[in-house]
Amino acid sequence: MSLLEVTSLDAGYGDFQALFDIHLTVETGELLALVGANGAGKSTLLRTIAGAIAPMSGHVRYAGADITGQPDFMRARTGIVLVPEGRRLFPTLTVEENLLVGGSTRRDGPWNLSAVFDLLPIVADLRNRACSHLSGGEQQAVAIGRALMSNPDLLLLDEVSLGLAPIIVGQLYAVLPNIRERGMTVILVEQDLSRTLAVADRVACMLEGRLVLAGRPAELTREQVTDAYFGHGYGYLDTDSGAAR
Ligand code: ATP
């Protein structure tokens, strides 16, 4: 059984439809990278998986249960946590207080204040600072730490590298193996294709609200990925299942 199963999913904002007939499965322990141009629907898909927006139709199943109608705070308790684009920390709270908010789901697991401080020493150094005084990279590190504090089984990372200096991005990516070695499943939205192909077990590419390509990086040519990214070429190709539409 897949940890996450998205079927026939349509979603959007009011009357505006941003996702069309998405089918996607993610296995336990997998790192799936979701790529695609601006506006392709990556954030909308993560928000729908996290329960921040309700789908127009279709289903989201998690660990075998249909969670389509479940609100986001319930999903956090069952182990799905989103680090949204733009961080969204509580600006007047300190770093440590923000982390403790993440821990309020009280799920069991390896992540607590000291584990987060060990993983992200930069966060430990800032623990008593108000988040409004942090740089973008520091905020991003705290946002990841806060998500880990809730001990998710499925971590959704939306463009963690957006607007950050390359050296900071490198540091954030460097902690991914440590996060994964404790069994976490990750869906990562990323614009940087090279970085994505280097870390992902599987890549799914979105174009104009549709999933147009999925497969393991080793099985995809650079040309297939860039064609899917920019919209030159075929309908849908999944190198795992052999499905083509
Ligand atoms: P980006 O990298 O720019 O965030 P994305 O692939 O994550 O792109 P989405 O943010 O999911 O794409 O956007 C998909 C579509 O939904 C776009 O047409 C976008 O304008 C629209 N959209 C996104 N957020 C909202 C919102 N809050 N209200 C209305 N429309 C939205």
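Ligands are counted one by one from 1 in listed order, and the atoms in each one are counted from 1 as well.
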In ligand 1, which numbered atoms sit nearer than 4.0 Å to a non-hydrogen atom of [X]?
X	answer
Arg47	24 (N)
Gln191	2 (O)
Ser43	4 (O), 5 (P), 7 (O), 10 (O), 11 (O)

So, [X] and [Y]: side-chain donor and acceptor under 3.5 Å apart, yes or no?
X	Y	value
Glu190	Thr196	no
Tyr13	Thr44	yes
Asp10	Ser57	yes

Of the protein's non-hydrogen atoms, which lies at the shortest distance from [atom], and what is that distance?
atom	result
atom 4 (O) of ligand 1	Glu85 OE1, 3.3 Å
atom 8 (O) of ligand 1	Gly39 N, 2.7 Å
atom 22 (N) of ligand 1	Tyr13 CE1, 3.4 Å

Side chain to side chain, [X] and [Y], heavy atoms closer than 4.5 Å:
X	Y	value
His133	Leu126	no
Leu32	Leu4	no
Glu138	Ile122	yes
Leu3	Val26	no

Minimum-distance pair of heavy atoms, taken over all atoms of Val60 and Leu9:
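Shortest heavy-atom separation between Val60 and Leu9 comes out as CG2-CD1, 4.1 Å.
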
Residue-ligand contact Gly41/ligand 1, heavy atom below 4.0 Å
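Yes, that is the case, since the closest heavy atom of the residue is under 4.0 Å from the ligand.
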
Assess Ala37 for proximity to ligand 1: is some non-hydrogen atom of it under 4.0 Å away?
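Per 4.0 Å heavy-atom rule, Ala37 contacts ligand 1.
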
Minimum non-hydrogen distance to atom 5 (P) of ligand 1, winning option of Gln17, Glu208, Glu159, Lys42
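Comparing heavy atoms across Gln17, Glu208, Glu159, Lys42, the nearest one to atom 5 (P) of ligand 1 lies in Lys42.
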
Could you work out, for atom 9 (P) of ligand 1, the closest of Thr48, Thr44, Leu46 by heavy-atom distance?
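That would be Thr44.
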
Any N or O of Phe16 that comes nearer than 3.5 Å to an N or O of ligand 1?
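Between Phe16 and ligand 1, no N or O pair is found under 3.5 Å apart.
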
Judging by distance only, is a nitrogen or oxygen of Ala40 under 3.5 angstrom from one on ligand 1?
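Ala40 vs ligand 1: N/O contact under 3.5 Å present.
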
Identify whether the distance between the nearest side-chain nitrogen and carboxylate oxygen of Arg202 and Glu30 falls below 4.0 Å.
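Answer for the salt bridge query: yes.
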
Yes or no, since that's all I need: does a protein heavy atom fall within a distance strictly under 4.0 Å of atom 19 (C) of ligand 1?
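Answer no: nothing from the protein, no heavy atom, is under 4.0 Å.
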
Once you restrict to heavy atoms under 4.0 Å, what part of Ala18 touches ligand 1? Side chain, backbone, both or neither.
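Side chain only.
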
Should the proximity of Met206 to ligand 1, defined as any heavy atom under 4.0 Å, be assigned to the side chain, the backbone, both, or neither?
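The answer is neither.
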
Roughly how far apart are Leu211 CG and Met206 CE, rounded to 0.5 Å?
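Interatomic distance, Leu211 CG to Met206 CE, rounded to 0.5 Å: 6.0 Å.
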
